[in-house]
Amino acid sequence: MTSVKLLLPADVFDEIDLPYEGVRDISALTLAIEGTAVLANLATLAGLQPQLGALVGAIRNWRLRDERPTVALTVKGPGVDLRLDLPRNVSTAVLLKHLEPLFEDEK
């Protein structure tokens, strides 16, 4: 089973209820917002699918509160290498568009 490792600011995790299932394998995808204090959590892709909308909403809300003009969301793993600059007003549609392909194989 493929897992996704989330490295996001603590207030993103505070806003949603992400499952924690422990380390499953070493080939985890990593979503990391660079340049911030981060909190790590691990969830299966299948377990995260129902919370995808809440996750992108929480990331957008965090970006609206964050004062920096831009930060980068990076996703790296087997067959995935994505860097997305997040302006303060990033839309949930943009976040969903870029993150949804990670979950399509798990449907």
Side-chain angles (χ1 to χ4, degrees):
M1 178 178 294
T2 303
S3 295
V4 57
K5 185 174 183 183
L6 301 172
L7 297 174
L8 297 165
D11 48 342
V12 171
F13 286 113
D14 291 343
E15 192 169 326
I16 56 175
D17 182 29
L18 290 176
Y20 179 80
E21 302 193 14
V23 175
R24 299 259 180 175
D25 62 34
I26 60 173
S27 63
L29 299 173
T30 301
L31 281 70
I33 292 184
E34 298 173 352
T36 65
V38 294
L39 173 73
N41 196 350
L42 196 78
T44 66
L45 286 174
L48 186 60
Q49 174 67 32
Q51 285 116 348
L52 182 57
L55 175 63
V56 297
I59 292 171
R60 183 184 193 295
N61 292 341
W62 168 75
R63 278 303 294 135
L64 288 171
R65 293 186 302 267
D66 190 286
E67 294 295 322
R68 291 172 294 167
T70 189
V71 295
L73 174 67
T74 58
V75 183
K76 291 185 183 248
V80 178
D81 188 2
L82 169 72
R83 178 185 165 96
L84 177 63
D85 289 327
L86 302 179
R88 288 192 67 210
N89 64 346
V90 65
S91 72
T92 54
V94 167
L95 289 168
L96 279 170
K97 175 184 169 189
H98 289 290
L99 296 179
E100 196 166 33
L102 298 175
F103 304 96
E104 289 176 348
D105 292 338
E106 296 293 323
K107 291 181 182 176

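No experiment lies behind these values; they were computed from the predicted model shown. Any value given below was found using the heavy atoms of this structure, including those in side chains, with hydrogens, waters and symmetry copies removed. Numbers here simply count residues along the sequence, with the first being 1.
- Annotation for H98 and L82: closest pair O-CD2, 3.8 Å, computed over non-hydrogen atoms.
- In this structure, the side chain of R88 engages the main chain of D66 through a donor-acceptor pair within 3.5 Å.
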Apply side-chain contact (heavy atoms from CB on, under 4.5 Å) to residues L95 and L55 and explain how you reach the verdict.
CA-CA 9 Å; L95 289 168; L55 175 63; over 6 Å; no
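- The shortest side-chain heavy-atom distance between R65 and N61 falls under the 4.5 Å cut-off.
- The nearest pair of heavy atoms linking N89 to R60 is O-NH2, 4.1 Å.
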Run L99 and L84 through side-chain contact (heavy atoms from CB on, under 4.5 Å) and show every step you take.
CA-CA 10 Å; L99 296 179; L84 177 63; over 6 Å; no
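- Nearest heavy atoms, P87 versus T70: N-OG1, 4.1 Å.
- The shortest heavy-atom contact between A72 and D85 is CB-OD1, 3.9 Å.
- T92 and G57 make their closest contact through CG2-CA, 4.1 Å (heavy atoms, listed as atom of the first residue, atom of the second, distance).
- Put simply, the side chain of R63 never gets that close to the backbone of V90: no donor and acceptor are under 3.5 Å apart.
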